[in-house]
Amino acid sequence: MTNKYYEFFCPVKVIAGKAALEHIPFELTGLAAKRPMIVTDKGVRAAGLLDPVIAACEESGLEIVSIYDDVPPDSSTMVVRDIATVYRKEKCDSIIAVGGGSAIDTGKAVNILVSEGGDDIAKYSGAGILKHPLKPFFVVPTTAGTGSEVTSVAVITDEKKGVKLPFTSSFLLPNAAIIDPRMTLTLPPHITAATAMDAMTHAVEAFTCMAKNPLSDAYATAAIKKVSQSLLSVMDNPKDENGRLELAQASTMAGIAFSNSMVGLVHSLGHATGAICHLPHGLCMSLYLPYVLEFNIESIREPLGELLLYLEGPEVFSATPAARRAEASISAIRKLRDALHKRCELPRTLKETGKVLESQLEAIAEMALDDGSIMFNPREVTKEDALSVLRRAWA
């Protein structure tokens, strides 16, 4: 399953650690930016997470010209247009996106409009449309899961047409990702769990899918080890700054891994389930991961077995016969999910979510087959295959 040819690309500067936010002004002035706009959501602002960002800028004599804090959980073309209008009116020259995946995707899309002009974001949808670098753009993630701060993709909903518009370009990558443990200290337990399992899934799929390569492997295994070692202790001690930083770094590393090696069937099923049943992405990732690994097992025995070292540590790895390691890796993931379910009721089956009907499985399977991620799954997937994975995940 080794690729003779591969590409690896990650030009995002990562600024991480306990005083990372204080470096934002230095990065802005380095790009001649003087009038930044913050793009965020109500929850982030209410949690007081903007305060250290604003304080850092003001101490350096930079004024935050505008704060847009109305990004919805599922951002839309209308929101992007509104923010771009404010940006132009206030003569801003840079964007700082503070938040989870939605705020970051919104920031990326706004940057397209204010850099390229016009107010119809849809015409930039697709891949390879953008030909020029965009305005200075910084990302401060407040969840440790999506990895959006290091991916060249954004998804925005077109409400009128009722479709999700994908945007792909290396120009969407931020100039820097600022990873500060203060930004995730207030995450509630169920979001901490779901987002960490999102990162875990990114890394496991990156390591077992078709486009894996030696560079993405290094990021993927490091991310898996960090989540395995830190997640439960953060669940038990939410204010643990070191553990929070480990999870945030794992999310970024997993993001770098999967944006270079792609993901597979877990993501195809997760995207479809999110669209049809409106379940959060991280929850879907956590839910489907072991079932998809079981489906793929004969195609991925070797890499999946290798992951046991990062999931359970050297003692368990060396005590497990090589022929049993792939199964043991799946067991380790199930054990982690059980521990999370005990702590915050993170669902392990579709039935446990209470939001999925058995009658919807057919539609989820249909939709999953049309998802781009499925091309990189190590095993060919038919509609029957997808349905049988869904039935196993049902109860």
Side-chain angles (χ1 to χ4, degrees), residues 10 12 14-21 40-41 43-44 47-50 52-53 73 97-105 107 138-151 153 174 176-206 219-259 263 267 270 280-286 289 310-311 333 336-337 339-340 343-344 346:
C10 183
V12 178
V14 174
I15 299 165
K18 298 216 173 132
L21 293 171
T40 188
D41 61 55
V44 168
L49 297 179
L50 296 188
V53 180
V98 184
S102 188
I104 297 172
D105 278 11
F138 298 91
V139 168
V140 184
T142 58
T143 62
T146 62
S148 310
E149 67 277 7
V150 286
T151 64
V153 185
I178 294 95
I179 295 159
D180 193 308
R182 285 173 287 179
M183 303 311 273
T184 55
L185 283 177
T186 55
L187 277 185
H190 67 281
I191 296 183
T192 300
T195 51
M197 289 305 290
D198 190 9
M200 172 72 89
T201 304
H202 287 153
V204 171
E205 286 213 291
Y219 282 95
T221 51
I224 291 165
K225 185 174 174 181
K226 284 187 184 312
V227 176
S228 301
Q229 289 179 344
S230 299
L231 178 52
L232 293 179
S233 63
V234 168
M235 293 297 291
D236 294 337
N237 177 15
K239 296 282 177 235
D240 169 14
E241 278 204 3
N242 292 326
R244 289 285 188 188
L245 183 58
E246 287 289 275
L247 292 179
Q249 293 175 110
S251 169
T252 300
M253 292 166 121
I256 293 170
F258 91 85
S259 53
V263 285
H267 273 76
H281 178 73
L283 188 161
C284 296
M285 297 298 98
S286 176
L289 183 57
Y310 306 97
L311 287 162
I333 290 168
L336 177 58
R337 295 191 331 149
L340 293 171
R343 285 167 173 82
C344 69
L346 188 69

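The residues of the chain are indexed from 1 along the displayed sequence. Here the structure is a predicted model, which means the values were calculated and not measured.
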Atom of Val227, atom of Ala250 and distance for their closest heavy-atom approach: CG2-CB, 3.7 Å
Residue pair Val153, Asp105: steps toward the side chain to side chain contact (heavy atoms under 4.5 Å, CB included) verdict: CA-CA 8 Å; Val153 185; Asp105 278 11; over 6 Å; no
Glu149 and its side chain to side chain contact (heavy atoms under 4.5 Å, CB included) partner, picked from Ile256, Val140, Thr252, Val14: Thr252
Euclidean distance, Arg244 CZ relative to Thr192 OG1, rounded to 0.5 Å: 4.0 Å
Donor-acceptor contact below 3.5 Å, side chain Ser286 vs main chain Leu283: no
Smallest separation among heavy atoms of Ala196 and Leu231, with atom names: CB-CD1, 3.6 Å
Pro174 versus Val139, closest heavy-atom pair with distance: CG-CG2, 3.6 Å
Value rounded to 0.5 Å, distance of CG in Leu49 from OG1 in Thr142: 6.5 Å
ring-ring contact (aromatic ring centres under 6.0 Å, His included) partners for Tyr219, two or more places apart: Phe8
Leu247 side, atom CG; Gln229 side, atom CD - distance, nearest 0.5 Å: 11.0 Å
Side-chain donor-acceptor distances from residues 183-190 under 3.5 Å, at least two apart:
| unit_1 | atom_1 | unit_2 | atom_2 | d |
| --- | --- | --- | --- | --- |
| Thr184 | OG1 | Pro181 | O | 3.4 |

Main-chain N/O of Met197 paired with Thr201 side-chain donor or acceptor, under 3.5 Å: yes
Atom pair CG/CD1 of Asp198 and Ile191 - distance to nearest 0.5 Å: 12.5 Å
Nearest non-hydrogen partners of Ala203 and Ile224, listed with the distance: CB-CG1, 3.5 Å
Side-chain (Asp240) to main-chain (Val234) donor-acceptor, under 3.5 angstrom: no
Interatomic distance, Asn237 atom CG to Leu232 atom CG [nearest 0.5 angstrom]: 12.5 Å
Non-hydrogen side-chain atoms of Met285 and Thr195 separated by less than 4.5 Å: no
Nearest non-hydrogen partners of Asp180 and Ala19, listed with the distance: OD2-C, 3.8 Å
Heavy-atom pair with the smallest gap, counting every atom of Ile179 and Ala248: CG2-CB, 3.5 Å
Whether His267 and His281 hold their rings parallel, tilted or perpendicular, with breakpoints at 30° and 60°: tilted
Euclidean distance, Met200 CE relative to Arg337 CZ, rounded to 0.5 Å: 11.5 Å
Donor-acceptor pair, side chain of Thr151 and main chain of Ser259, under 3.5 angstrom: no
